[in-house]
Undergrad: 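Just passing along the structure, written as structure tokens.
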Amino acid sequence: MEGFPTDIKMFYEPNLEILGAPIGDVIFCAKFLAQKRAKAVRLLTQLSEVGSLDPQIALLLLRHCATFCKLIHLARSTPPSLVSEGLALFDEEVRHHFGDCVAIDASDSDWLQIQLSLRRGGLGLRRLALHCSAAYLASVNKAGCSAPLDEFTLQAVTLFNSLVPPASSVTVESLMHSGISQKELSTRIEDHQFDQLCLVSTPANRARLLSVSSRHASSWLAVIPSKGLNLHLEPDEFQVALKWWLGLDTSSQLRCPYCPVHQLDPLGHHSVTCKGGGDVVLRHNSLRDIFAQFCHRARLGGQLEVGHGSGVDRSRSRPADILVPNWMIGKPAAFDVTVVSPLNSTTLNEAGARSGSAAGKAEVRKHNANDPKCRELGWVCIPLAVESLVRCTARALLSRARFQHSVSEG
């Protein structure tokens with residue numbers, strides 16, 4: 001072209017790459033994606049080697065550095081009909097290397113939970129092939145296209161709507177006249193996936209899913225491992241914790257060593273509730289001591305096991321695991337730690353229908369037992385009810401937020 005600037009690269013073929021995205025036919029896009037996928041798989045292989053030494057670190061790196069994020073730019077910039085098959089192949093590679101990283105052989109049903117976000121009780125290994133329509137539609141929306149939508153976008157709308165219930169579907173008009181984000185679209189897909197998973201689960205598994213998907217329950221999976229801060233698990237510990245979290249069989253058909261009449265159940269309910277061997281007491285005391293440390297860091301003081309022999313009846317009951325002076329309107333607060341399993345036979349049905357019901361019932365029991373004693377002493381009773389799968393009551397979360405604020409202010 002005469003007079004065209006020579007420093008601008010010219011393309012005379014229909015297939016080209018612009019800003020890291022393929023522009024061309026199906027074959028060209030497939031080859032382009034295959035090259036990117038091969039490079040990403042090399043990183044997955046290296047992480048598998050890390051997993052043989054430290055699965056906790058390997059899983060963290062896998063989630064943040066080696067899976068969804070590696071090819072999401074392609075999913076946003078290329079129509080799903082051109083790349084969905086290649087993305088599905090990468091998803092299979094992720095699944096294979098996940099097994100190598102944490103030494104867990106996950107079934108198809110197990111993978112339905114694993115590919116959910118931490119917010120939904122999964123491990124955050126989202127499937128690109130499942131979310132590529134959400135990524136592409138959000139990109140089209142952000143580009144602010146005013147021209148009539150092409151067939152690729154219409155196909156993406158159809159694909160997205162096949163993954164969500166009618167109430168969460170989108171239309172071309174709603175897509176063009178809203179600031180909808182990829183996060184919001186992916187959340188619609190994921191919420192439907194979670195609902196479907198709960199629908200086909202047993203009552204015990206449904207109770208477990210509702211508990212692990214509660215607010216902050218998955219924080220232990222998001223933390224950066226640190227031995228110095230006591231935030232690191234040994235490989236065997238992490239693998240068992242991960243299996244328990246995912247509802248995989250941890251029992252090996254063994255009987256409890258402390259009460260042989262009980263056979264260990266696959267979901268680990270007996271393992272976390274058995275009162276033989278002292279593990280339940282150790283867990284309670286550990287939570288109590290950690291909370292007491294927060295009290296001191298927040299400069300709120302805190303006395304352990306207060307109330308022994310207090311009150312008119314001089315009972316041996318202790319309404320406070322930790323007593324914090326001057327907590328509310330000049331009154332001390334009696335914090336009482338309690339841990340309950342949502343898989344308990346007395347709470348299972350309700351826990352499978354409503355998230356947090358087991359912790360809520362435990363909180364009510366503590367209030368009924370301790371409120372009269374605390375009123376006698378001029379204290380405020382605050383139960384810290386926690387489910388064994390880490391779900392807390394709203395009162396416990398509010399108390400934690402106040403401690404965090406006090407620590408930051410101090």
Side-chain angles (χ1 to χ4, degrees), residues 1 4-49 61-101 111 115 124-145 147-163 170 172 175 180-183 185-186 189-190:
M1 294 178 64
F4 198 81
T6 57
D7 58 340
I8 296 180
K9 188 176 181 180
M10 298 288 292
F11 293 91
Y12 297 96
E13 297 294 330
N15 298 319
L16 64 148
E17 174 191 347
I18 296 180
L19 299 176
I23 307 294
D25 56 28
V26 176
I27 296 176
F28 175 75
C29 291
K31 288 183 177 179
F32 186 90
L33 176 55
Q35 293 174 353
K36 296 290 186 181
R37 187 173 66 245
K39 185 177 180 180
V41 168
R42 287 198 292 272
L43 177 58
L44 291 174
T45 303
Q46 292 172 330
L47 281 179
S48 296
E49 297 174 4
L61 292 175
L62 190 68
R63 180 168 60 249
H64 289 294
C65 307
T67 53
F68 196 79
C69 62
K70 297 302 290 185
L71 298 180
I72 188 59
H73 175 65
L74 277 175
R76 285 181 61 87
S77 58
T78 314
S81 57
L82 300 180
V83 294
S84 58
E85 290 185 6
L87 294 176
L89 291 175
F90 181 68
D91 290 336
E92 286 302 314
E93 290 285 354
V94 170
R95 178 173 172 175
H96 169 72
H97 286 87
F98 163 78
D100 292 340
C101 283
W111 197 251
Q115 55 92 24
L125 303 182
R126 291 178 294 172
R127 290 162 47 202
L128 279 157
L130 183 67
H131 291 270
C132 63
S133 59
Y136 185 73
L137 291 176
S139 181
V140 170
N141 176 268
K142 293 302 180 184
C145 297
L149 298 180
D150 56 35
E151 60 175 314
F152 292 126
T153 305
L154 296 176
Q155 290 171 356
V157 169
T158 302
L159 175 58
F160 176 82
N161 288 340
S162 70
L163 300 171
V170 297
V172 172
L175 186 68
I180 198 164
S181 65
Q182 179 184 332
K183 180 179 179 181
L185 291 172
S186 282
I189 293 175
E190 189 170 76

Undergrad: OG1/Thr153 to CG/Asp150 distance, rounded to the nearest 0.5 angstrom?
TA: 4.0 Å
Undergrad: Looking only at heavy atoms, what is the nearest atom pair of Leu74 and Gly20, with distance?
TA: CD2-O, 4.0 Å
Undergrad: Side-chain polar contacts of residues 65-72 - donor-acceptor pairs under 3.5 angstrom, sequence neighbours left out - could you list them?
TA:
from	atom 1	to	atom 2	distance (Å)
Thr67	OG1	Leu62	O	3.0

Undergrad: Drop me the distance from Asn161's CG to Ile189's CD1, to the nearest 0.5 angstrom.
TA: 10.0 Å
Undergrad: Leu175 and Val172: side-chain contact (heavy atoms from CB on, under 4.5 Å), yes or no, with the steps?
TA: CA-CA 5 Å; Leu175 186 68; Val172 172; 5.7 Å; no
Undergrad: Please find the pair of heavy atoms, one from Arg76 and one from Gln182, that lie closest to each other, and give the distance.
TA: NH1-OE1, 2.7 Å
Undergrad: Taking only residues two or more places apart in sequence, or in another chain, which ones meet Thr45 in a side chain to side chain contact (heavy atoms under 4.5 Å, CB included)?
TA: Val41, His97
Undergrad: Determine the minimum heavy-atom distance between Thr78 and Tyr136, stating which atoms define it.
TA: O-CD1, 3.5 Å
Undergrad: Distance-only criterion, 3.5 Å: show the donor-acceptor pairs between side-chain atoms of residues 24-38 and protein atoms not counting sequence neighbours.
TA:
from	atom 1	to	atom 2	distance (Å)
Asp25	OD1	Ile27	N	3.3
Asp25	OD1	Phe28	N	2.8
Arg37	NH1	Gly86	O	3.4

Undergrad: Which atom pairs, donor and acceptor, lie under 3.5 Å between side-chain atoms of residues 89-96 and protein residues at least two apart or in another chain?
TA:
from	atom 1	to	atom 2	distance (Å)
Asp91	OD1	Leu128	N	3.0
Asp91	OD2	Leu128	N	3.3
Asp91	OD2	Ala129	N	3.0
Arg95	NH1	Asp108	OD1	2.9
Arg95	NH2	Ala106	O	3.1
Arg95	NH2	Asp108	OD1	2.8
His96	NE2	Asp100	OD2	3.4

Undergrad: For Ser77, give me all partners under side-chain hydrogen bond (donor to acceptor under 3.5 Å, both in side chains), at least two apart in sequence or on another chain.
TA: none
Undergrad: Quick check: closest heavy atoms across Pro80 and Leu159, and the distance to 0.1 Å?
TA: CB-CD2, 3.9 Å
Undergrad: Who pairs with Ser48 by side-chain hydrogen bond (donor to acceptor under 3.5 Å, both in side chains), at least two apart in sequence or on another chain?
TA: none
Undergrad: Could you state the interatomic distance from CZ (Arg63) to CZ (Arg126), rounded to the nearest 0.5 Å?
TA: 11.0 Å
Undergrad: Hey, what do you get for NZ (Lys39) to CG (Leu44), rounding to the nearest 0.5 Å?
TA: 13.5 Å
Undergrad: Does the Ser84 side chain pair with the main chain of Ser81, one donor and one acceptor, at a distance under 3.5 Å?
TA: no
Undergrad: Looking at CZ of Phe98 and CG of Leu125, how far apart are the two atoms once the value is rounded to the nearest 0.5 Å?
TA: 6.5 Å
